Each structure stands twice: as C-alpha cells, then as structure tokens.
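Heads up, the thing below is written out as structure tokens.
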Amino acid sequence: MTNKQKFTEGFKFGKAQATYNNSKAAGPKVPPGSQAARGSYSSSLGPSFGGNEPSSESPLLVLLGLGRYFKNYKLRLGIVLGLLLTEIIVYSAIPFSFKFLIDEALIGKNETVLYITGALLIGGTILITAAGTVRDYLYNWVSARAIRDMREELFVHLQRVNLDFYANTRLGDVLARFSTDLSALENAVLALIPWGISPLLEAIFGTALLFALDWKLGAIATLIWPITFLGPVFFSTRSTAASYERKLEEAKVLNAVEESISAQNLIRVYDLDATFWEKFKGNCQKLFQVSLRLGLTNSYLERSASGGILLLQAVLLISGAWFAFHGMVSVGALAAFLPPFLNLSYSLLYVSQYFPTMNQASGSARRILEILRTPTFETEMERPFGPSELQNSIRLEDLHFRYKGRTKNLSGINLEIKKGSYTVILGPSGSGKSTILKFILGMMEPNQGRVTLDGIEMDKIRLDALHSMIGIVFQDTFLFHTSILENIRMGRPDATPEEAIEAAKLAEIHEFISALPDGYETIAGDKGSKLSGGEKQRIALARALVRNPQILLLDEATSALDPITEARILKTLQKLREGRTIVSVTHRLTGLHAADQVVVLKNGSLEPYPSPENDSISAAAIGL
C-alpha cells in the first residue's frame, strides 16, 4: 500500500493517529534553571510588566540579575582573570624600570643593570602580548555564548508565556528586546574588561605601586578615587532611568513602523498617510527628547570625573616638583612616580567612561528581566499524564471565566463532547466560542470549574501529548513566510509531500495550488499576504488534516469560503468524521443537520439549539 493510500484510508475509516515523532513539535527545550522552567501559568498578565516607573535598583544590581548566564563558563572566566592579572602585574612593574634605569644604570653607570632591565622589558612585552591575545579570544567566546544563551532563553520563554501577554504587549516592544536591548547588553559585556575590570585592577595595582615609590605622593594620589567616582555615582541613577525611558520610546517607534507597514492597504485607501506621519513624528520627537536627556546626563557623568582627574594631576605634579626641588624625593623616584600616576588617572577615567555604557545596559537588562519574569505555563514535568488517545469524552464542568478587565465571558458552562461525536457550538462574535476551544487545547485555565479529558483534568495532562491528538483551524489564519507545501507540513513536520498534497485535496485547495506557476513551492508571503482569506483558510485546514488528528477543532473554519466551497468542505468533514471527534464553533447555520449535538452560546451560557434537524431556522431566533 502506498503512502497516499495509507493516508487516505486513515482518514476514511477514522484510524488512530498516524505514528510519528512529535518531538520537533513539542517546543524548544527549556534551559535548566531558567525562568521558563521555574515559572507557573497565570491567566492574566502581571501588572508589573512594562511599567514606566524608574527602577529603584542600582545599575550594577540589575546587571547582576543576568550574571547567571556566565556561571556555565567559570573555568574560562577564571583563565581570563588569571591572564588579566598577569598583564596588569607586568604592566604595573614597568615603571620600576624607570627608577633602576635612571638611578642605577644611568646615574650609577651600571651597565649590567641596563642590560637586565632591557631584557626584562622585552620579555614582559612579549608576555603581556601573548597573554592579551589568548585572553581576548576566551573572553569574546564567553561573551558571545552568554549573549546567545540569553537570546535563546528569551525566545523559549516567549513560547511559554500565557496568551494574555501577547494581548497586552505590542510586537515592536517584544522585538526591541531582541534588537536594541540585547545589543546594548552585548556592548556592555564586550567592553567590561577593556573599559571596566582591566582599568579598575590597573588602578588598584597602580595605587599600591605609588605608595611603594613614595608614601607622601601616594597619599595625595589616593584623593583621585573619591573625585573620580563622586560624579558617576550621583548621575548613574538618572542615567539608568533615562536609558530605560529611551528603550521604551525606541519600542514605540518600532511599533509605529510595524503598524504602518501592516496597515498599508487601509492607510492608502483612507488617505491616512498624513495621520500616521504626524504620529510617527511625535514618537520620534519624544525619542529625541529622551535621547538628548540621556546624552547630556552621560556627558555630565564623564565630565565630572575627567575634570576632577585633571585638577588632581596638576596638584600632584606641582607637589612632586616641590618635593624634588627640596630633596625630599629623588629625581628617579619622581620620574618613576609620574607614569604610574598618569596611568592610574587614565585607568579611572576609563572606568568612569564605562558608566554610561553600564547604565544603558542596565536599562536594557531591566526590560529583558521583565520578559523573563513574566509567568509561564507549567512545565511538562509538572503534568504527570500523557494519554495517547481519547477514550471516552471531554467534559467542561461548571466552567466560569472572564478576561482581565472585562465582565464575565463564560458562566456555568457544562458540556460533554463524546468520542467520535460531531459537536457544533453556535454563537455571535465575542460570545466566547473560541475561548472554549482554548480550554480544550489546554492553553487557558478557567477561573472556576474544570475541563477534563477522560476524567483527567487538563492541567495534569502534558501539553505535547494533548496536542498530538489534536488538529485545529484557528479563526485568525496564520501562514508562515515559506512555501505552501511547508506551511501544510507545519502540521506534521515529518509528513511526506504526498501526504501534504492529499491533505490539500481534502481541504479543496489542491487545484488552486497546482494552477500556480510554482505550485506547492509558491511562497505564501508574510502571514500569507500573497493569498486571499479563503485560500489561507483552506491551507490551514490542510495543515490540520495532515496530522490525521483524533480530535479536530474548527474555529470559524469556513467563514471566509464561498457557499460552494463551504458545502464541499462540509461534505469532506462528513467523510472524515467516522472514529474522529470534531468540534466546530461558528456563527453560521449551514451543515447543522450533520452534527450529533448543537448548542448555542449566548450571554455566557450554553443553551440547546431549538432544531438541530432544521437549517432554516432564523439566526435572529437564537441571537446570531
């Protein structure tokens, strides 16, 4: 028997779902210890997400919240730190050579010291160059891997957040987390060693070296520490708040662009170009104002540090010259003292210049942590049951539900869907029909009551096992930017091309696809933009049918079809219903005579349909 025959027979006689590896469709693996692995499902989005209030946490504490991404690379980071210390020790020791070269070799006429010092300088240069090269490679590798891990967990987490998150969050705001926010973090991480840790350690070693050379000048030099960090500490909180606000405004600009691109047909027909242009200009103006405030704050931060450093340099140079003039320090000691002091000054200046980068990264880290702290579905490990088929029925018992900020949508719903039955749920738009399907899919939880499959509550059934039994056509048809063939195979990635084509035939779309210049290799476009609503709906139906599902859920699956095509689809469903459980929600009265039970969802409650055998009853009679 050919694959095509097996596939067709499976539909015709309602055989059990074709066996295939569903691991690809089960979703990405959750990183151990991630927020996605620890979170729990919530039926509403927490109020803390996306708040506009400035964070009370210090920039450093916010960044430490993402430090766990580096824990897996402790060994490499240890090597990086060791090599960095080696560089700093060698580099800090170089000023001592000035003292020996001047006082011992030149003034003391000691040629041996001259050669030894020269050899050590050459060897030290080779050593720190080699150590720096290895360190740069290791640290860039660790940084790239940590950012990759962060990006992957962010993606995985977004696959598992509750659906209210997407209802309350703009697309541009989510995309900004992956673009501008992760870029800001990546820049801060890459600059951490050359602009943060390395100059800070050099400053510490340099301070110790100054005391070793001359304690009086060393004491004066230590004044550079408070002078350097006084301004950055004062301006950091303001800089972080401005950075966070800038990220919010950048997201609004992205939202405006995305909305304008998505609504081009409407914008052009209604001549909304000027309206959207003014709106976009307003967003850009707000972004300009916040960016200006951020830039000025960072400038004040840097200037406050550099001005104090320059002032102290002048004071120390005058003091050193006065000490040398009165014979309190030797000329060699002064010559050896000045380079490490200038190096200390520039090291602390580098650290102060890293503060703006850290503050911007802190604002981005806060926005990324907002995503990672958003509640998720329970993990599969917390759901003990994994049934492979529906044995008896699906039951909705005393189910109550309302969306956040709305009046109650469903109230006291009781419904039994028996195995092999064809159930139709009628109701006007917004009555809650699609919500019932989401309960059956385990995508939502009721506020009260329960949903069971063969007596097992949905929140105890593993979602991969549940979804492996189900095929669905959603009301809002979504197609991926790939070929029509691959869009159909999204229902079962290991389906053969022949099986996908057979599913397309059952969905009454094969002839249309075959007539296209590229046939099944035709690209559907972004969200199926190259196809009509009815064409997209039939491809979505083929995508559901290729799974050969035990349970078929149809959410207004024929709403965009003409009467003739709808009749052919309903006839196909009649052929497929043997041994298969079908639940269809619709506001149309066609094809009701074929259903085993028809109920009407009205005012949040289910009512029996007056006449299942009679399609001619008026829609107004049941509130449609």
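All of these numbers come straight from a predicted model, not from anything done at the bench. Positions are given from 1 along the sequence.
- Two residues are said to be in side-chain contact when any heavy atoms from C-beta on lie closer than 4.5 Å; Y139 and L192 meet this criterion.
- Distance OG1/T169 to CD1/I371: 6.5 Å, rounded to 0.5 Å.
- Judged by distance alone, the side chains of E186 and S183 never bring a donor and an acceptor atom under 3.5 Å apart.
- In the model, Y73 has a side-chain atom that pairs as donor or acceptor with a side-chain atom of D149 under 3.5 Å.
- Just one of T180, N187, D181, N359 meets the side-chain hydrogen bond (donor to acceptor under 3.5 Å, both in side chains) condition when paired with S364; it is D181.
- Rounding to the nearest 0.5 Å places CG of L175 at 13.0 Å from CD of E250.
- From N283, atom CG reaches atom CD of Q285 across 10.5 Å, with rounding to the nearest 0.5 Å.
- Classification of E486 and R489 as a salt-bridged pair holds, one side-chain N sitting under 4.0 Å from a carboxylate O.
- Smallest separation of non-hydrogen atoms from K433 and L601: N-CD2, 3.5 Å.
- With 3.5 Å as the limit, one finds a donor-acceptor pair spanning the side chains of D555 and S434.
- Of all the heavy atoms in L463 and G442, the pair that sits closest is CD2-O, 3.8 Å.
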Between M490 and L479, does the side-chain contact (heavy atoms from CB on, under 4.5 Å) criterion hold? Intermediate values first, please.
CA-CA 10 Å; M490 287 291 179; L479 297 184; over 6 Å; no
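- Atom OH of Y137 is separated from atom CH2 of W141 by 7.5 Å, given to the nearest 0.5 angstrom.
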Step by step, work out the salt bridge (charged side-chain N to carboxylate O under 4.0 Å, His left out) result for R170 and E258.
CA-CA 10 Å; R170 300 290 301 275; E258 187 273 331; 5.1 Å; no
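- The two residues A495 and V546 come nearest to each other via the heavy atoms CB-CG2, 3.8 Å.
- In terms of modelled atom types and a separation under 3.5 Å, the side chain of N298 and the main chain of P356 share no donor-acceptor contact.
- R373 CZ to H157 NE2: the interatomic distance, rounded to the nearest 0.5 Å, is 11.0 Å.
- Between E249 and R246, none of the side-chain N atoms (NZ, or NE/NH1/NH2) sits under 4.0 Å from a carboxylate O, so this pair counts as no salt bridge.
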Worksheet item: Are L294 and S239 close enough, and set up right, to give a side-chain contact (heavy atoms from CB on, under 4.5 Å), and what steps lead you there?
Response: CA-CA 6 Å; L294 175 61; S239 176; 3.9 Å; yes
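- Salt-bridge annotation for E245 and R293: present, with a side-chain N of the basic residue lying under 4.0 Å from a carboxylate O of the acidic one.
- Crowding of R148 atom CZ: a count of heavy atoms from other residues, nucleotides or ligands under 6.0 Å exceeding 12.
- The existence of a salt bridge linking D494 and R492 is confirmed by a sub-4.0 Å separation between a basic side-chain nitrogen and an acidic carboxylate oxygen.
- Nearest approach of W195 to Q353, heavy atoms of both residues: CZ3-OE1, 3.0 Å.
- For the pair A465 and S468, the tightest heavy-atom approach, listed with the atom from each and the gap, is O-OG, 2.6 Å.
- For the residue pair E153 / Y69, a side-chain donor-acceptor distance below 3.5 Å is found, with atom types taken as modelled.
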- Take T357 and Q360 through the test side chain to side chain donor-acceptor pair (under 3.5 Å) and record every step on the way to the result. CA-CA 5 Å; T357 303; Q360 292 186 46; 5.8 Å; no
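- Using the six-membered ring where Trp is involved, F155 and F178 have ring planes that are perpendicular, over 60° apart on the 30 and 60° scheme.
- Within a 6.0 Å radius of OH in Y300, other residues, nucleotides and ligands contribute 12 heavy atoms or fewer.
- The structure places CD1 of I539 at 9.5 Å from OG1 of T477, a figure rounded to the nearest 0.5 Å.
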Exercise. Give the C-alpha distance, both sets of side-chain angles, the deciding distance and a yes or no for salt bridge (charged side-chain N to carboxylate O under 4.0 Å, His left out) between R367 and D173.
Key: CA-CA 10 Å; R367 284 166 48 81; D173 199 29; 3.3 Å; yes
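- For the residue pair R268 and Q264, a side-chain donor N or O sits within less than 3.5 Å of a side-chain acceptor on the partner.
- Closest of all the heavy-atom pairs between S243 and G363 is OG-CA, 4.2 Å.
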- Message: If you apply the rule ring-ring contact (aromatic ring centres under 6.0 Å, His included), what do you find for F439 with F401, and how did you get there?
- Response: CA-CA 10 Å; F439 288 134; F401 180 79; 5.3 Å; yes
